[in-house]
Amino acid sequence: VALNSNSFTRNLLRLYSQAPLRVPITLPNGFTYEQPTGLFINGEFVASKQQKTFDVINPSTEEKITTVYKAMEDDVDVAVAAAKKAFETKWSIVEPEVRAKALFNLADLVEKNQETLAAIESMDNGKSLFCARGDVALVSKYLRSCGGWADKIYGNVIDTGKDHFTYSVKEPLGVCGQIIPWNFPLLMWSWKIGPALATGNTVVLKPAETTPLSALFASQLCQEAGIPAGVVNILPGSGRVVGEKLSAHPDVKKIAFTGSTATGRHIMKVAADTVKKVTLELGGKSPNIVFADADLDKAVKNIAFGIFFNSGEVCCAGSRIYIQDTVYEDVLQKLKSYTESLKVGDPFDEDNFQGAQTSDKQLHKILDYVAVAKSEGARLVTGGVRHGNKGYFVKPTVFADVKEDMRIVKEEVFGPIVTVSKFSTVDEVIAMANNSQYGLAAGIHTNDINKAIDVSNRVKAGTVWVNTYNNFHQSVPFGGFGQSGIGREMGEAALSNYTQTKSVRIAI
Ligand code: TAP
């Protein structure tokens, strides 16, 4: 007791009890790497001030992977101060080509480490290696694309008459708080830091508590790429503490959030007190329409990919399938057999298309929705059960003959569950497709170009895919109509989320 009352001894004890800041991890493919486990603040991995930690679980085995430091409110203050200083003294004042070069370097380093990053993502999130490799490929392409934009942030010279010289410039915002979800941890990290850094901002990013590993690993690549200390800070921790504090912090000038509509709505309210700029990429319940004139075999593959890709944990998943009545039973049977051919299981087995759901919470949410759908009278065509009894695997599931007012048709499940309904006319299917609070994406399968353009024009969605689905490109803006969000990610559109316009008028 006497010893513990001595603050020197207390600090010493704390030092010795603290968890390591890096641990060697053997990935399920046998490869060993070093995983940073601290908070990444001002270019260093550090313990949280209060020494709090949390365990990271492998959703395929339900076993602990490692322990990571957990940021609390006081750590947010330190990270925001570091980001503010880096903004003022380094990143906002360098030549744009310095930012471009650093982002190109980062893209190269992601490419160099692609197999490790994909394996970390599969292990932490549960997604199949096939999906994780696709994510990492888009990450490097997107970071490179952002590097390309860095020295192309243009203002305007505005003709206001001969007695004035008037121009506008686009300036960065400052410290950006970025809160990301667990379904695409590394991809969302790149969608957030890429445009922020290209335009001269600094960031404090909170990964989801379920999946912090890839963002921590990638943050050390930022250093190697020549991004100065304090420009990128990563705070693993809970949404209620770190996310909430970032949203309210007076020195955070913008919040970029991806996740559920409920949390996005809440963040807007919290951010309102400091009138932050807010961009949100939220949920969806996207329609995927098959017309009778489509190439039906191709359409079946696309609608299955639309929902089962990434274990159904996709904000724009085509979770409501509409099939034209004349081909309804035919397409449904094809979808059933194709779905049953998709292999589920160990994400590291290259034969498996679908891995594990990310958490026990998601597994149970999905199984609860299966029960809801059955109780509402939806016809179970295939799936509807857990796959195995270890790991959070769910069989790809199809419900047919659903009604528009069923919860399974209206609410986002975020898992490998799809509903199928019948329609007869274009007007009818447009009404059904638009009967949602969401508006993230839509799919159309037809060989009639006029119909494709007509339906694309009338469907309320931020992205429309024709004869394809879940088909992303770094140059194409992505974001939602309605309650699916505010703002766009990727492409040139993402840059405007991170700049503010200043007008200068000089009297001559
Ligand atoms: P969310 O609550 O939206 O979590 C997303 C991110 O927001 C996580 O980093 C989370 O932190 C953080 N967060 C949570 N509460 C917050 C708060 N009060 N202030 C600031 N940040 C906060 O999603 P969830 O609870 O993980 O999943 C629930 C459902 O949301 C899913 O079933 C799915 O339907 C939907 N969802 C949608 C998306 C996309 S991309 N649209 C992504 C994930 C989930 P923690 O780490 O503490 O959770």
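Both counts, for ligands and for their atoms, begin at 1 and track the order of listing. The analysis underlying the following values was restricted to heavy atoms, covering all of them including side chains, and did not include hydrogens, waters or symmetry mates.
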(message) Would you call the rings of F305 and F130 parallel, tilted or perpendicular, taking 30° and 60° as the class edges?
(response) perpendicular

(request) Please work out which of the three classes, parallel, tilted or perpendicular, describes the rings of F472 and F478, given edges at 30° and 60°. (result) perpendicular

Output the list of atoms in ligand 1 that are nearer than 4.0 Å to some heavy atom of [X], sorted by atom number.
{"X": "I179", "result": "6 (C), 7 (O), 9 (O), 12 (C), 20 (C), 21 (N)"}
{"X": "G243", "result": "19 (N), 20 (C), 21 (N)"}
{"X": "L282", "result": "41 (N)"}
{"X": "F257", "result": "3 (O), 5 (C), 6 (C), 7 (O)"}
{"X": "G283", "result": "41 (N)"}
{"X": "C315", "result": "39 (C), 40 (S), 41 (N)"}
{"X": "G259", "result": "3 (O), 37 (C), 38 (C), 39 (C), 41 (N), 42 (C)"}

(request) Would you indicate whether E44, at its atom CD, is surrounded by more than 12 heavy atoms from other residues, nucleotides or ligands within a distance under 6.0 Å? (result) no

(message) Is it the case that atom NZ in K403 sees more than 12 heavy atoms from other parts of the structure closer than 6.0 Å?
(response) no

[Y] and [X] side chains, donor-acceptor separation under 3.5 Å:
{"X": "K361", "Y": "S359", "result": "no"}
{"X": "E340", "Y": "T382", "result": "yes"}
{"X": "Q483", "Y": "R265", "result": "yes"}
{"X": "H364", "Y": "D368", "result": "no"}
{"X": "S247", "Y": "K269", "result": "no"}

For [atom], what's the nearest protein heavy-atom neighbour? Residue, atom name and distance, please.
{"atom": "atom 23 (O) of ligand 1", "result": "S260 OG, 3.9 Å"}
{"atom": "atom 29 (C) of ligand 1", "result": "K365 NZ, 3.8 Å"}
{"atom": "atom 18 (N) of ligand 1", "result": "E244 OE1, 2.9 Å"}
{"atom": "atom 15 (N) of ligand 1", "result": "T263 CG2, 3.6 Å"}
{"atom": "atom 28 (C) of ligand 1", "result": "Q362 OE1, 4.3 Å"}
{"atom": "atom 43 (C) of ligand 1", "result": "P181 CB, 3.5 Å"}
{"atom": "atom 25 (O) of ligand 1", "result": "K361 NZ, 3.1 Å"}
{"atom": "atom 44 (C) of ligand 1", "result": "W182 CZ2, 3.7 Å"}

With backbone taken as N, CA, C and O and side chain as the heavy atoms from C-beta onward, which portion of [X] lies under 4.0 Å from ligand 1: side chain, backbone, both, or neither?
{"X": "H266", "answer": "side chain"}
{"X": "I267", "answer": "side chain"}
{"X": "I180", "answer": "backbone"}

(request) Verify whether the ring centers belonging to Y33 and F217 lie closer than 6.0 Å. (result)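 Yes, the ring centres sit under 6.0 Å apart.
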
(request) Decide if the gap between the ring center of F308 and the ring center of F353 is smaller than 6.0 angstrom. (result)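 Centroid separation for F308 and F353: 6.0 Å or greater.
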
(message) Test your reading of the structure: does S238 have an N or O sitting under 3.5 Å from an N or O of ligand 1?
(response)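 No.
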
(message) Is there a polar contact, in the sense of an N or O pair closer than 3.5 Å, between G239 and ligand 1?
(response)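 In this structure, G239 places an N or O atom under 3.5 Å from an N or O of ligand 1.
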
(message) Taking a cutoff of less than 4.0 Å between a non-hydrogen atom of the residue and any ligand atom, is F184 in contact with ligand 1?
(response)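 Outside the 4.0 Å threshold, so no.
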
(request) Verify the contact flag for atom 13 (N) of ligand 1, where contact means a protein heavy atom under 4.0 Å away. (result)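 Within 4.0 Å: yes, protein heavy atom nearby.
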
(message) Less than 4.0 Å from atom 4 (O) of ligand 1, is there any heavy atom belonging to the protein?
(response)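 So atom 4 (O) of ligand 1 lacks protein heavy-atom neighbours under 4.0 Å.
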
(request) Quickly, which of T67, T61, T66 forms a side chain to side chain donor-acceptor pair (under 3.5 Å) with K64? Name it, please. (result) T67

(request) Look at R22 together with E34 and state whether they make a salt bridge at an N to O cut-off of under 4.0 Å. (result)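 A salt bridge links R22 with E34.
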
Donor-acceptor pairs are to be reported for all side-chain atoms of residues 134-142 against protein atoms at under 3.5 Å, with residues two or more places apart or in another chain.
residue: D135; atom: OD2; partner: K127; partner atom: NZ; Å: 2.4
residue: S140; atom: OG; partner: A137; partner atom: O; Å: 3.1

(request) Measure from atom 11 (O) of ligand 1 to every heavy atom in E209, K206, Q178 and give the option owning the shortest one. (result) K206

